[in-house]
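Since the structure is predicted, the reported quantities are computational estimates derived from the model, not experimental observations.
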Amino acid sequence: MVCPTCGVGDKIIYDQTRAQFICSIDGTVIAENVVDTGPEWREFDSSDRDKKGRAGSPFTNRVHDGGITTIIGRSARMKDKVKLMKLQRWQSKLRVAARDKKVVTYLSTLNSEAAKLNLPEHVKETAAMIIKKLIETGLARRVDMYALIAATLYYASQVNNFPIYIQEIRKIYSLDTSTLWKALERVQAVAKNTQNMKSKLKPVEHIPKIVNRLNLPQQVGTKSAELVDLMFNTGLTSGKGYLALSAAMVYLISSLMDVKKTQKEVAEALQITEVTIRNRYKEIVSNFEIEVSI
């Protein structure tokens, strides 16, 4: 929505009393008599919302049945409490069919591990969808469950532009390289046949996290992001690991701005080798024809 008078779109506010969208810069009324699609009641806490709500929770991939189910709640009118408890117990058992037990186990573990990594909701949804497809296609067999979940969370983060490092994943779950890559190959095999499931992560997404870990000033991050983005747009990042490339760029810019960190400090902070950073650093210097005097 853009104001027709001043052409600005980020200063529009909603006046709830008059049901109007108004530009806060020049006062132009952009839309009026806007229909309120929200509930007609007020809610003060989550329990109050549950009591007044007429519909259940939205569909989610993080539950085996999508969250579309019937729940037998408590009722003050029902005097037979024992019968109520039996009904609730039977409903809980019938909700999970025998064929869904594996899916329930995997999704429960995935939700728990995603919470430990502080991943946002949209990343969890993508990861849950991948896990379901892995089990449906039989690719979840003969592979460690935690390795598969770790690889799924890593790939889902890449798809949703939420950078986490594969080195961190490997360390958290104590996985060797071959086991993790085997699991990641299965995740990629499922993802390539799914629309909009390709990694959209750019090398510039790694810059803020690297700068924070090394306690460098913001100016280093800004200039590093500018040059890394230039390399990405011109195709100079093809075939190179984005994390190592971003780390090398931060190392280079910090040297040029006289707040230098050693290659060893950068490598230890990101759990990658000094050799990798050194190689990416040399490539950057040669591409931009930069001369560094130390």
Give me the atom names and distance for the closest heavy-atom approach of [X] to [Y].
{"X": "Ala248", "Y": "Ile277", "value": "CB-O, 3.7 Å"}
{"X": "Ile207", "Y": "Ser224", "value": "CD1-CB, 4.0 Å"}
{"X": "Cys3", "Y": "Ile12", "value": "N-CD1, 4.0 Å"}
{"X": "Leu243", "Y": "Gln167", "value": "CD2-OE1, 3.5 Å"}
{"X": "Val123", "Y": "Ser157", "value": "CG1-OG, 3.7 Å"}
{"X": "Ile149", "Y": "Tyr106", "value": "CD1-O, 3.8 Å"}

Do [X] and [Y] have side chains that get closer than 4.5 Å, going by heavy atoms?
{"X": "Val220", "Y": "Pro217", "result": "yes"}
{"X": "Tyr173", "Y": "Leu153", "result": "yes"}
{"X": "Leu216", "Y": "Ile210", "result": "no"}
{"X": "Ile166", "Y": "Trp181", "result": "yes"}
{"X": "Thr5", "Y": "Cys23", "result": "no"}
{"X": "Ile164", "Y": "Leu119", "result": "yes"}
{"X": "Met145", "Y": "Thr105", "result": "yes"}
{"X": "Val34", "Y": "Tyr14", "result": "yes"}

If hydrophobic clusters are built by linking Ile, Leu, Val, Met, Phe, Trp and Tyr wherever their side-chain heavy atoms come under 4.5 Å apart, do [X] and [Y] end up in the same one?
{"X": "Leu245", "Y": "Val275", "answer": "no"}
{"X": "Leu180", "Y": "Val190", "answer": "yes"}
{"X": "Val228", "Y": "Tyr242", "answer": "no"}
{"X": "Val29", "Y": "Phe21", "answer": "no"}
{"X": "Phe232", "Y": "Tyr251", "answer": "no"}

Take atom NZ in Lys202; do more than 12 heavy atoms of anything else shown fall under 6.0 Å from it?
no
Looking at Tyr146, I want to see if its OH is surrounded by more than 12 non-hydrogen atoms of other residues, nucleotides or ligands under 6.0 Å.
no
Quick check: does any side chain N or O of [X] sit under 3.5 Å from a backbone N or O of [Y], one acting as donor and the other as acceptor?
{"X": "Ser246", "Y": "Pro203", "result": "yes"}
{"X": "Asp229", "Y": "Ala225", "result": "no"}
{"X": "Ser112", "Y": "Ser108", "result": "no"}
{"X": "Asp176", "Y": "Ser178", "result": "yes"}

Output yes when Glu121 and Lys124 qualify as a salt bridge under the 4.0 Å nitrogen-oxygen rule, no when they do not.
yes
Taking side-chain hydrogen bond (donor to acceptor under 3.5 Å, both in side chains) as the definition, give me every residue that meets it alongside Glu226, ordered by chain and number, with sequence neighbours left out.
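Once residues adjacent in sequence are excluded, the partners of Glu226 under the side-chain hydrogen bond (donor to acceptor under 3.5 Å, both in side chains) criterion are Lys223.
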Please report the interatomic distance [atom1]([X]) to [atom2]([Y]), rounded to the nearest 0.5 Å.
{"X": "Leu148", "Y": "Arg142", "atom1": "CG", "atom2": "CZ", "answer": "14.0 Å"}
{"X": "Leu139", "Y": "Ile131", "atom1": "CG", "atom2": "CD1", "answer": "11.0 Å"}
{"X": "Lys260", "Y": "Leu252", "atom1": "NZ", "atom2": "CG", "answer": "10.5 Å"}
{"X": "Ile30", "Y": "Ile13", "atom1": "CD1", "atom2": "CD1", "answer": "9.5 Å"}
{"X": "Glu113", "Y": "Ile172", "atom1": "CD", "atom2": "CD1", "answer": "9.0 Å"}
{"X": "Met249", "Y": "Ser254", "atom1": "CE", "atom2": "OG", "answer": "11.5 Å"}

Under the side-chain contact (heavy atoms from CB on, under 4.5 Å) criterion, do Met231 and Ile284 qualify, and how do the steps go?
CA-CA 9 Å; Met231 290 185 70; Ile284 294 170; 4.0 Å; yes
Name each donor-acceptor pair under 3.5 Å that joins a side chain in residues 264-273 to protein atoms two or more places apart or in another chain, with its distance.
from, atom 1, to, atom 2, distance (Å)
Glu265, OE1, Thr262, N, 2.9
Glu265, OE1, Thr262, OG1, 3.3
Thr273, OG1, Thr276, N, 3.3
Thr273, OG1, Thr276, OG1, 2.6

